[in-house]
Amino acid sequence: MTLEEQLTRQIKEAVSNLYAIEADDKQIQLQKTRQGFEGNITLVVFPFVKAARKSPTEVANAIGEQLLSAEECIVERYNAVQGFLNLLIAPSYWIECLKAIDANDRYGCLTCQKETEEGPVQPLMMVEYSSPNTNKPLHLGHVRNNLLGYSIARIQEANGWKVVKTNIVNDRGIHICKSMLAWQLYGNGETPESSGKKGDHLIGDYYVRFDIEYKKQIEELKGQGMDEETAKREAPLIKQAQAMLLKWEQGDAEVRALWEKMNSWVYAGFDETYRKMGVGFDKIYYESQTYLEGKKEVERGLQEGKFYRRADNSVWADLTQDGLDEKLLLRSDGTSVYMTQDIGTAKLRYADYPIDKMVYVVGNEQEYHFKVLSILLDRLGFRFGKDLVHFSYGMVELPNGKMKSREGTVVDADDLMDQMIADAAEVSKDKVNRLTDITPEEAQEIARKVGMGALKYFILKVDPRKNMLFNPEESIDFNGNTGPFIQYTYARICSVLRKAGTTIEPTLKGDTALNEKEVALIQRLSEYPAIVKQAGDEFSPALIANYAYALAGEFNSFYHDYSILNEENEKIQSVRLLLSKNVAKVLRLAMWLLGIEMPERM
RNA sequence: GGUCCGGUAGCUCAGCUGGAUAGAGCAACAGCCUUCUAAGCUGUGGGUCCCGGGUUCGAAUCCCGGCCGGAUCACCA
């Protein structure tokens, strides 16, 4: 039972005795005691003042007295300030609390079950993230997506779900044809080997090239007196790309061979990026393998009168009843669009897995798309349509606005990661006073963990729903509210524990004295499971990050003020060791949920 | 124009399911390493919580109306 639960029960009893108030949980408002007041936890008594017909202070004092005389009293002292009843919890409670935390290696991991005919089972959540297009390398926007998706998967696992991480690779479509066409026209047979470029970067360069040449053609046509709209439609390059897409859908051998070759280059590049980022998937879907299923579903919907065909042969869904527009599902030339593919992918996924909850980690720019997808799936008779969750996160913006691949104003994922690791290596070079016995390989490994930790934390600490700013001119910090700060705290504890040597047995007695900072730390540790729960409910890695920062900060303050290894009182030393060990454990568990590795030395 | 999201210190962000004196980090300034790792700790300065109403014992937080910024409403994905 948590502290809050115990107190809630006792407070209910108290107000019932005192004022005959039958309080519900919502009225029992407990919060952490504010700095500057004595106490650990505070009851807000305003909700009882009216019914009690007493002043707030009187009510607070009366409840305080009741808590002191309660059976299994855990309150040592109390003080009442206006309507706030500050409670100081007895040290023996905190010692027991610490022992319980120590005994649990999977502290903070919750269980979750759903009832079935065969008994309770773990429910399954599928998390889709990353979802790259195979026409360009990953950039910082994708990094946010990948880190969020991966972290969300781990957080939901900690909340008791069975999680299947999935990736839908957008490996076909007009944008892919643009890269292919540009390579065909201007590439002179260039390959990753011949150019020394990573495959995804090579392809990305041709995607940019297409746009440059296309724009030239548009300008030319406009110079001949054509209006912009027509020029965009009539430019030879776009017509060629459309023709190529049509050929692709018709299975043209030559186009397919080119497509296979170029995609294989991209996948080799992506694999490297994912490995460096430390993310992975349990099941990968390719749109080239799901779009036909989508087309079939659209055809079915058409036959069942749920969609309609226009005179130009294109197929549409009328969503005006749902307050939305009309949505294209198949182009007039019969080729499929994004929506078509997503319908097919969804169907296949539900056929492959007993999904209880489907989560799409996709940017907030696609909110309309998922609203429509949900309605379309529902209309097609899929029970899961209504339940899909679009985990909509904000954009990463640069000081001069949004990133645009075609315009080359992107922060490349590979470059950024390399830069972070190089910066970390540079910083640790200055830390000459320690780690003298370390090999260059170990040093590099630490730099990798620290650099990636800085990057991941930088991104994940921000509320995922909000847009965030990245300034390439300013390197990501290694001091203050950062990943390395937390890693450093962890490394320091590891160092202390190494020097303490012997394994620490939790043989603590309830009468051990605790200082304020020790109590604050234990209390902070005790909050962790609730944070994990909340992070799961709200899909927010940021809550975990902020928690870890607060915990590390409190530990650093404690570490500064009190010695652990030089403490002469054995009882006190063993409490401090046990406390340190568990702070390290929770930091590691929390950072694990963010996908951040923790170096034991740095 | 419709819909959605945001606006908190010079900058980047917490806090937002209503509670005490609105918090961190960075940047600036001042201290702390013969003592468990100074990627640390301590302190100083810095705020019309976009504006105006309303609800309430109490509003950065909830409601309404503005202002500003972003996203979206494609035979793009």
Side-chain angles (χ1 to χ4, degrees), chain A residues 26 29 31 33-37 42 44-47 49-50 56 81-84 86 131 133 135 170 173-176 233 242 287 310 312-316 323-325 327-333 335 337-339 341-342 362-369 371-372 392 394-395 397 401-402 424 427-428 430-431 433-435 450 454 458 461-463 465-471 474 477-489 491-500 542-543 545-546 549-550 552-553 555-567 576 580 601-602:
Chain A
K26 228 181 131 188
Q29 291 179 36
Q31 58 190 50
T33 301
R34 206 188 167 86
Q35 272 291 318
F37 298 93
T42 294
V44 182
V45 302
F46 288 110
V49 167
K50 212 170 188 179
V81 181
Q82 294 165 31
F84 299 91
N86 303 317
S131 313
N133 294 341
N135 63 335
N170 199 313
I174 189 72
H175 51 293
I176 313 293
R233 224 171 31 238
Q242 283 162 353
E287 287 193 347
R310 285 189 184 169
D312 65 1
N313 214 34
S314 56
V315 177
W316 295 74
L324 303 174
D325 283 324
K327 186 75 189 175
L328 176 86
L329 299 176
L330 289 176
R331 295 192 185 97
S332 51
D333 65 2
T335 57
V337 294
Y338 186 40
M339 188 61 74
Q341 301 161 175
D342 259 4
V362 179
N364 60 15
E365 56 192 355
Q366 293 192 34
E367 274 169 9
Y368 183 76
H369 172 81
K371 203 176 273 181
V372 172
S392 166
M395 299 290 100
E397 288 166 344
K402 222 185 135 182
V427 170
S428 57
D430 300 336
K431 314 295 173 190
N433 57 333
R434 53 178 187 263
L435 307 185
V450 172
F458 176 81
K461 76 170 177 183
V462 180
D463 183 338
R465 281 169 290 276
K466 290 188 180 173
N467 288 359
M468 64 178 289
L469 187 102
F470 176 80
N471 188 349
E474 301 167 11
D477 239 299
F478 288 52
N479 298 321
N481 187 355
T482 66
F485 175 94
I486 297 164
Q487 290 171 320
Y488 179 69
T489 307
R492 289 215 289 199
I493 299 174
C494 288
S495 177
V496 169
L497 295 178
R498 271 195 304 272
K499 286 180 179 163
L543 295 174
N546 290 332
Y549 176 62
F555 184 84
N556 284 332
S557 176
F558 159 76
Y559 179 92
H560 177 268
D561 289 358
Y562 301 98
S563 182
I564 300 162
L565 297 177
N566 296 328
E567 172 57 45
R576 289 184 183 165
S580 301
R601 303 201 290 172
M602 68 183 271

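Note on naming: letters A, B, ... go to the chains in the order of the sequence lines (proteins, then strands), and numbering restarts at 1 for each one.
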query: Counting N and O atoms only, with roles assigned by atom type, does the side chain of N467(A) sit under 3.5 Å from a partner on the main chain of G394(A), one being a donor and the other an acceptor?
result: no

- request: Determine, for D333(A) against R331(A), whether the closest basic-nitrogen to carboxylate-oxygen distance falls under 4.0 angstrom.
  value: no

message: Under 3.5 Å for both donor-acceptor distances, Watson-Crick or wobble: does C4(B) have a partner, and if so which one?
response: G70(B)

query: Taking a pair as Watson-Crick or G-U wobble with both distances under 3.5 Å, which nucleotide is matched to G65(B)?
result: C51(B)

message: What is the separation between atom CD on Q31(A) and atom P on A20(B), rounded to the nearest whole Å?
response: 7 Å

message: Treating primed atoms plus P, OP1 and OP2 as sugar-phosphate and everything else as base, which nucleotides of nucleotides 21-29 of chain B get B, S or - for protein heavy atoms under 4.0 Å?
response: BSSSSS---

field: Options A14(B), C41(B), C36(B), nucleotide nearest the side-chain atoms of S495(A)
entry: C36(B)

message: Has S557(A) got a side-chain atom pairing as donor or acceptor with G553(A)'s backbone, closer than 3.5 angstrom?
response: no

- prompt: If you count the non-hydrogen atoms of other residues, nucleotides and ligands that lie under 6.0 Å from CD in Q82(A), is the total more than 12?
  reply: no

Distance in angstrom units between I174(A) CD1 and C76(B) P, rounded: 7 Å

message: With a 6.0 Å cut-off on the ring centroids, do F555(A) and F558(A) count as close?
response: yes

Separation between the P atoms of G7(B) and C49(B), rounded to whole Å: 14 Å

task: For F558(A) and for A552(A), locate the closest nucleotide of RNA chain B by heavy-atom distance; then report the residue assigned to the nucleotide nearer the 5' terminus.
output: F558(A)

field: Any side-chain donor near an acceptor of the partner, N313(A) and S332(A), under 3.5 Å
entry: no

field: Base-pairing mate for G46(B) - Watson-Crick or G-U, with both contacts under 3.5 Å
entry: none

- prompt: Side-chain N or O of R601(A) less than 4.0 angstrom from OP1 or OP2 on A39(B)?
  reply: no

message: Working to the nearest 0.5 angstrom, can you tell me the gap between L329(A) CG and M339(A) CE?
response: 7.5 Å

Interatomic distance, H369(A) atom NE2 to K327(A) atom NZ [nearest 0.5 angstrom]: 7.5 Å

statement: Under a 3.5 Å limit on both distances, the Watson-Crick or wobble mate of C41(B) is G31(B)

- prompt: Atom CG in N133(A), atom OH in Y338(A): separation rounded to 0.5 Å?
  reply: 8.0 Å

task: Would you classify L469(A) as touching base, sugar-phosphate or nothing, given that sugar-phosphate means primed atoms plus P, OP1 and OP2, and contacts are heavy atoms under 4.0 Å?
output: sugar-phosphate

- request: Report the base-pairing partner of C26(B) (Watson-Crick or G-U wobble, both distances below 3.5 angstrom), or none.
  value: G10(B)

- request: Taking atom P in both A22(B) and A60(B), compute the distance separating them and give it to the nearest angstrom.
  value: 9 Å

query: Measuring from N481(A):CG to I486(A):CD1, what's the distance to the nearest 0.5 Å?
result: 7.0 Å

field: Residue mapping more 5' on RNA chain B - nearest nucleotide basis, F46(A) or V337(A)
entry: F46(A)

message: Is the shortest side-chain heavy-atom distance between Y559(A) and I493(A) below 4.5 Å?
response: no

- prompt: Quick one: does T482(A)'s side chain get under 4.5 Å of Y488(A)'s, heavy atoms only?
  reply: no

task: For nucleotides C32(B) and A14(B), find the distance between their P atoms and express it as a whole number of Å.
output: 35 Å

query: C11(B) and C51(B): how far apart are their P atoms, nearest whole angstrom?
result: 15 Å

Counterpart base for A20(B), defined by Watson-Crick or G-U wobble contacts under 3.5 Å: none

message: Of the listed nucleotides (C76(B), C13(B), G19(B)), which one gets closest to any side-chain atom of M468(A)?
response: C13(B)

message: Nearest whole Å is fine: how far is C76(B) C1' from Q242(A) CD?
response: 11 Å

Could you pull out the protein-nucleic contacts involving nucleotides 69-74 of chain B (nitrogen or oxygen on both sides, under 3.5 Å)?
| from | atom 1 | to | atom 2 | distance (Å) |
| --- | --- | --- | --- | --- |
| C73(B) | O2' | D325(A) | OD2 | 2.2 |

C1' gap between U8(B) and C16(B), integer Å: 11 Å

Side chain of K466(A) - closest among A39(B), G19(B), G7(B): G7(B)

- prompt: Would you call F84(A) stacked on A20(B), i.e. ring centres under 5.5 Å apart with the planes less than 30° off parallel?
  reply: yes

query: What integer distance in Å separates I493(A):CD1 from U37(B):P?
result: 12 Å

field: Min side-chain heavy-atom separation Q242(A)-T335(A) under 4.5 Å
entry: no

field: Whole-Å gap separating P (U3(B)) and CG (L324(A))
entry: 13 Å

- prompt: Atom OG of S495(A) and atom CE of M602(A): how far apart are they, to the nearest 0.5 Å?
  reply: 12.5 Å

message: Please classify the nucleic acid contact of T335(A) as base, sugar-phosphate, or nothing, using heavy-atom distances under 4.0 Å.
response: nothing

task: Between G52(B) and A20(B), how far apart are the C1' atoms? Round to whole Å, please.
output: 27 Å

Proximity to the side chain of N170(A) - top-ranked nucleotide from G19(B), A77(B), U37(B): A77(B)

- line: F555(A) CZ to G40(B) C1', in whole Å, measures 12 Å

statement: From CZ of R233(A) across to C1' of C76(B) the rounded distance in Å is 15 Å

- request: For C67(B), decide between syn and anti, treating a glycosidic angle within 90° of 0 as syn.
  value: anti

task: Rounded off to whole Å, could you give me the CZ-to-P distance for the R492(A) and U35(B) pair?
output: 14 Å

message: Using a 4.0 Å heavy-atom cut-off, does E474(A) contact any base of the nucleic acid, only the sugar-phosphate backbone, or nothing at all?
response: nothing

task: Write down the distance separating the C1' atoms in G19(B) and G45(B), rounded off to the nearest Å.
output: 29 Å

task: Indicate, with a heavy-atom threshold strictly under 4.0 Å, whether D463(A) touches base, sugar-phosphate, or nothing.
output: sugar-phosphate

- request: Pick base, sugar-phosphate or nothing for N86(A), based on heavy-atom distances below 4.0 Å to the nucleic acid.
  value: base

message: As an exercise, state the distance from CE of M468(A) to CG of D463(A), rounded to the nearest 0.5 Å.
response: 11.0 Å

- request: Answer whether the closest heavy-atom distance between the side chains of S580(A) and I564(A) falls below 4.5 Å.
  value: yes

field: P gap between C73(B) and A9(B), integer Å
entry: 32 Å

Grab the N/O contacts between the protein and nucleotides 42-45 of chain B below 3.5 Å, and write none if there aren't any.
| from | atom 1 | to | atom 2 | distance (Å) |
| --- | --- | --- | --- | --- |
| U42(B) | OP1 | S557(A) | OG | 3.4 |

field: Under 3.5 Å on both distances, the Watson-Crick or G-U partner of A60(B)
entry: none

message: From C-beta outward on V462(A), which listed nucleotide comes closest to its side chain: G40(B), A39(B), C13(B)?
response: C13(B)

